[in-house]
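Shown next, in C-alpha cells, is the structure this report addresses.
Letters go in sequence order (proteins before strands), and every chain restarts at 1. Just so you know, these numbers come straight off a predicted model, no measurement behind them.
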Amino acid sequence: MVIIDRDGGGSPPVDELEAALAALAVDPPASLSARIFAQWCRVTSPTGDLYVAFSDQGISYVRTAEAVGDDETVFLESFRARFERPLLAADRPPPGLLPAVRTGRTRPLRFDLGQLTDFERAVLTVTAQIPAGQTRPYGWVAKEIGRPKAVRAVGTALGRNPVPVLIPCHRVTRSDGVPGEYVFGPQAKERLLRAEAVNLDEVRELASERIFYLGSDTTGIVCFPTCHHARRITAKHRKGFRNIEQAAEHGYRPCLHCRPGIATGDAVGA
DNA sequence: GGGCGGGCGGGAG
DNA sequence: ACTCCCGCCCGCC
C-alpha cells in the first residue's frame with residue numbers, strides 16, 4: 001500500500017482524511033442533476049414499450065406505454081403525483097435495462113424502493129424471484145416472507161408495486177387458477193402471462209378439477225403447475241393434488257425450485 | 001359455486 | 001394513538 005506523507009501539524013488525523021477521500025472516491029457524483037433528479041426514458045420490450053424512471057439509486061417507477069395511452073406527459077404527471085419530484089429526460093437507459101427487457105431476465109436490475117415499507121419491499125423482493133413463464137399464488141408470497149396469513153396484504157402491496165413488469169407482480173395469481181387483479185387491469189395481466197407462454201388454459205382446466213399441484217410419481221416431487229419442472233412431467237407419471245398435505249400423504253415432497261406449501265410456522269413479528 | 005367472514009398492512013381522519 | 005375502511009385474497013360452507 002502506498003503511503004503519502006503529510007505534515008501532521010494542526011491537520012485532521014490521516015485516517016480521517018483517507019476515509020473522507022475514500023468516500024468520495026467510491027461514490028463519485030456522475031453529474032449533479034443525476035444526483036438530484038430522477039430521469040426517464042422509453043424502452044421497447046417484447047410485450048410493449050415501457051416508460052421507466054430511474055436515478056443512480058436504481059429504477060424507481062415503470063408504466064407501460066399502453067397504460068399511459070402512449071403519452072409521455074401522462075407518464076410524467078403520474079410520476080410527479082406519486083413522488084412529488086420532477087423528472088428529466090435521460091440520454092440513455094439505465095445500465096442493463098435493454099438486455100433485461102429483451103431477454104425477460106429482470107432479476108439483476110437495481111431498483112430504488114426507498115419509498116416503500118419493509119413489508120412492501122419484502123413482498124417485491126420475493127416476487128422478483130419468480131421466473132418468466134411461471135406463476136405463484138398470493139399465499140405463496142405471504143409464506144415466503146414469513147407472514148403466511150397476510151395474503152390479502154400481499155395483494156395490497158403488489159397493487160402499489162412502483163415497477164410493474166420489471167418486478168413481475170403479474171406472475172402472482174389467485175389460487176383458484178385465475179390471474180386475478182392487476183395495476184393495469186386483468187386483461188393486461190393475462191396478456192403478459194400468455195406472452196411469456198404461461199398456459200393459463202391448462203391452469204384453469206386443472207383448477208376446475210381442484211388440482212393445484214402436480215407431482216411426478218418417478219421423482220416423488222410435487223410442484224406448482226407452472227413450475228419448469230412440473231412442465232416436464234410426462235402424462236403417464238403426472239399426479240394431481242388438491243393441496244400440499246394431500247401430496248405429502250402420498251409421499252411427495254415439495255419441489256426445491258418452486259417451493260410449494262413451504263411451512264413457515266407462526267408469523268414473524270407482532 | 002358463489003357468498004361470507006377471516007385475515008392483515010397502510011392510509012385517512 | 002386509535003379506529004375504521006379498503007384492497008391484485010383464500011377457503012370453507
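- Applying the 3.5 Å distance criterion, the base of B:dG6 shares a donor-acceptor pair with the side chain of A:Arg152.
- The base-pairing partner of C:dC8, taking Watson-Crick or G-U wobble contacts with both distances under 3.5 Å, does not exist among the strands shown.
- Test A:Thr218, A:Thr219, A:Asp217 against A:His237 for side chain to side chain donor-acceptor pair (under 3.5 Å) and you get one pass: A:Asp217.
- Rounded to an integer number of Å, the gap from CD of A:Gln187 to C1' of C:dC8 is 12 Å.
- Across C:dC8, B:dC8, B:dG11, the shortest atom-to-atom separation from the side chain of A:Arg160 is found for B:dG11.
- Counting to the nearest Å, the P atom of C:dG11 and the CD1 atom of A:Ile211 are 16 Å from each other.
- Comparing C:dG11, B:dC8, C:dC8 by their closest approach to the side chain of A:Lys149 singles out B:dC8.
- Of the N and O atoms on the side chains of A:Arg42 and A:Tyr51, at least one donor lies less than 3.5 Å from an acceptor on the other residue.
- A:Phe79 pairs with exactly one of A:Tyr61, A:Phe54, A:Phe37 by the ring pair (Phe, Tyr, Trp, His ring centres under 6.0 Å) rule, that one being A:Tyr61.
- Rounded to whole angstrom, the span from the CZ atom of A:Arg82 across to the P atom of B:dG10 amounts to 13 Å.
- At the heavy-atom level, A:Phe119 lies under 4.0 Å from the strands shown only through sugar-phosphate atoms.
- For A:Leu124 and C:dC8, the CG to C1' distance is 12 Å, given to the nearest whole Å.
- Residue contacts for A:Gly159: at a heavy-atom cut-off of 4.0 Å it reaches a base atom on one of the strands shown.
- With a cut-off of 3.5 Å on both Watson-Crick or G-U wobble distances, the partner of B:dG7 is given as none.
- Contact annotation for A:Val154: no contact, since no heavy-atom pair falls under 4.0 Å across all strands.
- Closest contact between the side chain of A:Arg174 and the listed nucleotides B:dG7, C:dC10, B:dG11 involves C:dC10.
- Contact check for A:Gln115 versus A:Phe83: side-chain heavy atoms found under the 4.5 Å cut-off.
- Both A:Glu120 and A:Arg210 lie near DNA chain B, and the one whose nearest nucleotide falls closer to the 5' end is A:Arg210.
- Atom C1' of nucleotide C:dC13 and atom CG of A:Asp176 are separated by 16 Å, given to the nearest angstrom.
- Out of B:dG7, C:dC10, B:dG10, the shortest distance to the side chain of A:Thr117 is found at B:dG10.
- Between A:Thr156 and B:dG10 there is no side-chain N or O to OP1 or OP2 distance below 4.0 Å.
- Taking 4.5 Å as the limit, some side-chain heavy atom of A:His170 sits within range of a side-chain heavy atom of A:Glu196.
- Counting to the nearest Å, the P atom of B:dG1 and the CD atom of A:Glu209 are 13 Å from each other.
- Between A:Lys143 atom NZ and C:dC10 atom C1' the separation is 11 Å, expressed in whole Å.
- Rounded to an integer number of Å, the gap from A:Phe212 CZ to C:dG11 P is 8 Å.
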